[in-house]
Amino acid sequence: MMVFLLAGCGTFFGGAGDLGDAAVYDLDGLFDTKIVLEKGDAFALDMDYPGQEGYAFEGAVFDPAYVRLDKYFEVKDEENPGEIDRVQYLFTALQAGSTDISVKVCKPSDSSYPVEVFKSVHLVIEED
């Protein structure tokens with residue numbers, strides 16, 4: 001079973017999200033990333049907002065048997081209030097194994113433009 005989350009669901013606006021003690025993975029400049037963590041670990045995927053290039057987030061696809069999405073944050077640009085600067089997806093690893101998270105984007109101004117993968121994260125979740 002895969003879950004497709006629309007970016008607008010559970011959105012929190014403002015400054016950097018309250019990520020608690022989660023490990024933060026900066027995905028800027030990366031497309032395909034591998035992360036190794038332990039069952040029960042909280043982790044955040046942090047990335048630039050692609051709006052400057054005309055893209056919008058379509059959502060994230062993941063297997064809820066392996067990870068739980070706890071929060072999605074849109075971080076405002078301090079220099080340009082009203083503009084989104086970054087996004088953060090906060091997850092918790094639920095069980096040992098391997099799975100993928102795909103963050104997808106679309107071009108709202110061009111309905112013929114296909115939804116595409118913006119970031120791909122391969123997770124290896126180990127027993128704690």
Side-chain angles (χ1 to χ4, degrees):
M1 171 190 235
M2 298 300 276
V3 170
F4 183 72
L5 172 78
L6 295 176
C9 298
T11 301
F12 297 84
F13 296 98
D18 179 13
L19 302 176
D21 61 351
V24 179
Y25 296 92
D26 184 347
L27 302 181
D28 290 352
L30 303 173
F31 171 74
D32 194 16
T33 305
K34 178 180 177 181
I35 298 173
V36 179
L37 44 104
E38 292 185 354
K39 179 178 150 185
D41 284 354
F43 64 99
L45 305 179
D46 179 81
M47 63 200 78
D48 279 331
Y49 183 74
Q52 295 84 354
E53 292 84 32
Y55 291 93
F57 281 103
E58 183 73 17
V61 179
F62 57 92
D63 187 337
Y66 290 94
V67 295
R68 177 184 66 232
L69 178 64
D70 297 315
K71 292 183 181 173
Y72 168 84
F73 295 98
E74 291 182 344
V75 182
K76 298 292 184 178
D77 187 334
E78 292 180 9
E79 295 178 14
N80 298 307
E83 295 290 322
I84 300 168
D85 185 41
R86 306 192 63 74
V87 296
Q88 299 168 329
Y89 288 88
L90 177 62
F91 289 94
T92 299
L94 300 177
Q95 75 174 19
S98 295
T99 191
D100 296 303
I101 299 173
S102 296
V103 178
K104 298 190 173 193
V105 294
C106 65
K107 282 196 171 186
S109 62
D110 184 355
S111 61
S112 67
Y113 194 86
V115 173
E116 62 183 45
V117 175
F118 178 61
K119 303 288 180 182
S120 179
V121 179
H122 179 71
L123 297 176
V124 176
I125 304 168
E126 300 174 338
E127 286 290 337
D128 52 353

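- A heavy-atom distance below 4.5 Å is found between the side chains of H122 and D100.
- Side-chain contact between E83 and Y49 is absent, with no heavy atoms from C-beta onward closer than 4.5 Å.
- The shortest heavy-atom contact between Y25 and V36 is OH-O, 4.3 Å.
- Taking both residues in full, the closest heavy atoms of G40 and T92 are given as O-CG2, 4.0 Å, listed atom of the first, atom of the second, then distance.
- For the pair R86/D48, a side-chain contact is recorded, criterion being any heavy-atom separation below 4.5 Å from C-beta on.
- Residues E74 and F57 are not in side-chain contact: their nearest non-hydrogen atoms beyond the backbone lie 4.5 Å or more apart.
- Using a 4.5 Å cut-off between side-chain heavy atoms of Ile, Leu, Val, Met, Phe, Trp and Tyr, with links allowed through other members, Y113 and V103 fall into the same hydrophobic cluster.
- Nearest heavy atoms, L94 versus A65: CB-O, 3.9 Å.
- Between the OG atom in S120 and the NZ atom in K104 there is a gap of 10.0 Å [rounded to 0.5 Å].
- Contact check for I35 versus L45: side-chain heavy atoms found under the 4.5 Å cut-off.
- Looking at every heavy atom in both residues, G97 comes nearest to Y66 through CA-CE2, 3.8 Å.
- What you find for G54 and P108 is that their closest heavy atoms are O-CD, 3.5 Å.
- Note that the CD atom of E38 and the CD atom of E126 stand 6.5 Å from one another [nearest 0.5 Å].
- Distance check, rounded to the nearest 0.5 Å: OG of S102 to CD of E58 gives 13.0 Å.
- Using a 4.5 Å heavy-atom threshold, the side chains of F43 and L123 count as touching.
- A 4.5 Å side-chain heavy-atom check between V117 and V61 finds every atom pair outside the cut-off.
- Of all heavy-atom pairs spanning E53 and K107, the tightest one is O-CE, 4.1 Å.
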Determine, stepwise, if the pair V67 / I125 fulfils side-chain contact (heavy atoms from CB on, under 4.5 Å).
-> CA-CA 9 Å; V67 295; I125 304 168; 4.2 Å; yes

Candidate pair E116 and Y55, rule side-chain contact (heavy atoms from CB on, under 4.5 Å), full reasoning = CA-CA 10 Å; E116 62 183 45; Y55 291 93; 3.8 Å; yes

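- Side-chain N or O atoms of K119 include one that pairs as donor or acceptor with a backbone N or O of L27 at under 3.5 Å.
- Under a cut-off of 6.0 angstrom, the local environment of CD in E79 is sparse, with at most 12 non-hydrogen atoms contributed by other residues, nucleotides or ligands.
- Counting heavy atoms from C-beta outward, Y89 and L69 have side chains that approach closer than 4.5 Å.
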